[in-house]
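Notes follow the structure.
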Amino acid sequence: MISIYILTYNEEIDIAACIESAMLSDDVIVVDSLSSDRTLEIADRYPVRTFLHKFESHGQQRTWMLQSIPTKHEWVYILEADERMTPELFQECLQATQNQEYIGYYVAERVMFMGSWIRRSTQYPRYQMRLFRKDKVWFTDYGHTEREVCNGATSFLKETYPHYTCSKGLSRWIEKHNRYSTDEAKETLRQLQQGKVNWRDLLFGQSEVERRRALKDLSLRLPFRPLIRFIYMYFLLGGILDGRGGFAWCTLQAFYEYLIMLKVWELKHQPLPNFEVTHNFPVAEEATTDSAKLSSST
């Protein structure tokens with residue numbers, strides 16, 4: 001058996017379906033970043049354990065929960081609230097934990113947008129570290145998101161998970177990516193000043209993860225990035241075959257890229273003394289307590 005973490009913040013729309021998909025496990029843990037909606041009320045209807053912890057960053061939140069929350073099982077899986085566990089993926093996870101050669105596994109997402117799977121323009125298969133031994137993996141911050149640090153060999157699962165990336169509406173998506181672009185702008189400046197392109201991984205990387213990360217580092221140094229990203233996703237990756245949803249997805253990603261570029265310019269030419277990264281959540285909605293634990297439901 002494996003334990004399943006579910007990360008939440010104001011997820012009243014998605015939390016019930018996410019928990020129900022995760023109930024294949026006998027140890028489901030909701031890690032909430034001080035939601036102000038009905039997320040916790042809904043979660044309490046299910047036999048899950050719930051913990052509260054103020055959000056600081058994606059990497060720190062994951063590392064905190066791995067270090068601070070005990071689990072029934074050695075192997076854990078991380079779910080976001082707008083993602084789902086499937087029976088097929090769960091069974092493959094159980095089989096994978098029997099292999100002593102690997103300490104963690106990457107799993108590919110299926111981006112669901114405008115009622116359909118956006119397969120081509122989302123760089124499918126796009127892998128994330130999701131299943132791993134709890135004592136062998138931790139996370140660091142990178143831009144608006146996180147990157148895993150693994151103490152051992154890793155591999156890839158064949159099954160995928162659906163990711164309903166716009167389940168809360170387009171306005172929430174735009175609001176979230178506006179915040180993300182702030183962190184990405186700061187990471188872009190850091191990479192341009194201190195980082196470099198790993199050409200070996202870009203050309204000869206052994207996995208999709210290595211090649212994708214090297215490609216991102218290269219893209220930070222290209223001119224006309226929003227236009228290049230749209231052409232790459234819509235024409236080279238085949239987003240044109242993803243229909244109306246594919247065109248909308250590629251347009252939104254190009255807009256996101258342009259927003260990052262504008263904020264990079266702003267940081268370089270118009271530094272704001274009180275400019276703070278808010279990461280995933282608006283400061284006005286965050287409570288001031290560091291962490292608290294809710295009593296688990298039955």
Side-chain angles (χ1 to χ4, degrees), residues 5-11 31-34 51-69 76-83 103-104 106-107 109 126-132 134-152 154 163 165 173 175-198 201 207-210 212-221 253 256-257 259-261 263-264 266-268 271-272 274-283 285-287 290-291:
Y5 289 108
I6 300 177
L7 291 160
T8 63
Y9 175 73
N10 287 350
E11 304 289 353
V31 183
D32 185 78
S33 300
L34 309 182
F51 294 81
L52 297 181
H53 186 255
K54 181 180 178 180
F55 183 89
E56 297 179 15
S57 70
H58 289 282
Q60 292 182 59
Q61 190 77 341
R62 284 162 169 74
T63 298
W64 175 84
M65 73 183 187
L66 293 172
Q67 294 177 344
S68 304
I69 302 176
V76 299
Y77 187 98
I78 296 179
L79 266 179
E80 300 278 359
D82 58 358
E83 301 167 353
I103 57 90
Y106 292 91
V107 187
E109 66 175 346
R126 182 182 174 93
Y127 289 95
Q128 306 287 338
M129 172 57 63
R130 290 307 175 93
L131 175 70
F132 51 89
K134 185 183 173 185
D135 60 338
K136 296 294 185 180
V137 176
W138 63 96
F139 293 87
T140 60
D141 295 319
Y142 184 94
H144 81 270
T145 183
E146 76 288 335
R147 284 190 175 177
E148 67 283 349
V149 180
C150 303
N151 184 17
T154 60
H163 180 190
T165 183
W173 190 97
E175 175 192 354
K176 180 173 65 174
H177 282 75
N178 179 40
R179 297 195 301 272
Y180 286 174
S181 63
T182 299
D183 289 349
E184 286 295 324
K186 290 192 170 186
E187 183 63 34
T188 296
L189 280 179
R190 191 186 72 82
Q191 286 293 323
L192 292 176
Q193 294 169 359
Q194 305 174 20
K196 61 181 181 179
V197 179
N198 190 326
D201 283 353
S207 72
E208 182 273 340
V209 175
E210 292 178 350
R212 169 163 49 87
R213 290 178 176 176
L215 180 62
K216 179 171 183 178
D217 291 339
L218 172 62
S219 72
L220 299 180
R221 293 159 173 81
Q253 294 299 322
Y256 177 50
E257 199 71 48
L259 198 56
I260 295 171
M261 288 187 62
K263 291 188 178 183
V264 168
E266 184 178 61
L267 290 172
K268 291 171 65 176
L272 303 178
N274 296 322
F275 192 73
E276 296 182 356
V277 179
T278 57
H279 295 290
N280 231 3
F281 315 121
V283 172
E285 295 185 18
E286 292 185 347
D290 288 332
S291 64

*Rounded distance (nearest 0.5 Å) linking atom CD of Q128 with atom OH of Y106*: 9.5 Å

_Before you tell me yes or no, could you show the steps for Y5 and R62 under side chain to side chain contact (heavy atoms under 4.5 Å, CB included), namely the whole-Å CA-CA distance, both residues' side-chain angles and the distance that decides it to 0.1 Å?_
CA-CA 9 Å; Y5 289 108; R62 284 162 169 74; over 6 Å; no

*asked:* I need the L192 CG to Q194 CD distance, nearest 0.5 Å.
replied: 10.5 Å

*asked:* Which heavy atom of Y256 sits nearest to which heavy atom of H177, and what is that distance?
replied: CE1-O, 3.4 Å

*Roughly how far apart are K54 NZ and S33 OG, rounded to 0.5 Å?*
11.0 Å

*Closest approach of V31 and Q61, non-hydrogen atoms and distance?*
CG1-NE2, 4.0 Å

*Output, in order, the C-alpha distance, side-chain angles, deciding distance and verdict of side chain to side chain contact (heavy atoms under 4.5 Å, CB included) for V107 and Y127.*
CA-CA 5 Å; V107 187; Y127 289 95; 5.5 Å; no

_Heavy-atom side-chain contact between D201 and R213 under 4.5 Å_ = no

*Spatial distance of atom OG1 (T165) from atom CH2 (W173) [nearest 0.5 Å]*: 7.0 Å

*Contact check, side chains of V149 and F139, non-hydrogen atoms, under 4.5 Å*: no

*Do you know which two heavy atoms are closest between L131 and Y77, and how far apart they sit?*
CB-CD1, 3.9 Å

*Go through the structure and list residues passing salt bridge (charged side-chain N to carboxylate O under 4.0 Å, His left out) with E210, not counting sequence neighbours.*
none

*Please lay out, stage by stage, how R126 and R212 fare under the test side chain to side chain contact (heavy atoms under 4.5 Å, CB included).*
CA-CA 9 Å; R126 182 182 174 93; R212 169 163 49 87; 3.2 Å; yes

*Under 3.5 Å, is there a donor-acceptor pair between the D82 and H163 side chains?*
yes

*So which heavy atom on K263 is nearest to which on S181, and how close?*
NZ-OG, 2.9 Å

_Residue pair Q253 / E257, side-chain donor-acceptor N/O under 3.5 Å_ = no

*Return yes if some donor-acceptor pair links the side-chain N/O of E83 with the main-chain N/O of E80 below 3.5 Å, else return no.*
yes

_With rounding to the nearest 0.5 angstrom, report the CZ to CD distance, R130 to E109._
7.5 Å

*Contacts of R147 that satisfy salt bridge (charged side-chain N to carboxylate O under 4.0 Å, His left out) - sequence neighbours left out*: none

*Please tell me if the side chains of L7 and M65 come closer than 4.5 Å, counting only heavy atoms from C-beta onward.*
yes

*asked:* Let me confirm one number: the CZ-CD distance from R179 to E184, rounded to the nearest 0.5 Å.
replied: 14.0 Å

*Please answer whether the main-chain N or O of D217 pairs with a side-chain N or O of R221 as donor and acceptor at a distance below 3.5 Å.*
yes

*Of all heavy-atom pairs between C150 and M129, which one has the smallest distance, and what is that distance?*
SG-CE, 4.0 Å

*In sequence, state the C-alpha distance, the side-chain angles, and the governing distance for I103 and N151, and then conclude on side chain to side chain contact (heavy atoms under 4.5 Å, CB included).*
CA-CA 8 Å; I103 57 90; N151 184 17; 5.7 Å; no

*T145 versus Y180: any side-chain heavy-atom pair under 4.5 Å?*
no

*Okay, side chain of D141, backbone of G59: is any donor-acceptor separation there less than 3.5 Å?*
yes

*Given side chains that start at C-beta, do those of D183 and Y142 come closer than 4.5 Å, heavy atoms only?*
no

*Give the minimum heavy-atom separation between L66 and W138, together with the two atoms involved.*
CD1-CA, 4.5 Å

*asked:* Between E187 and K216 (salt bridge meaning N to carboxylate O under 4.0 Å), is one present in this structure?
replied: no

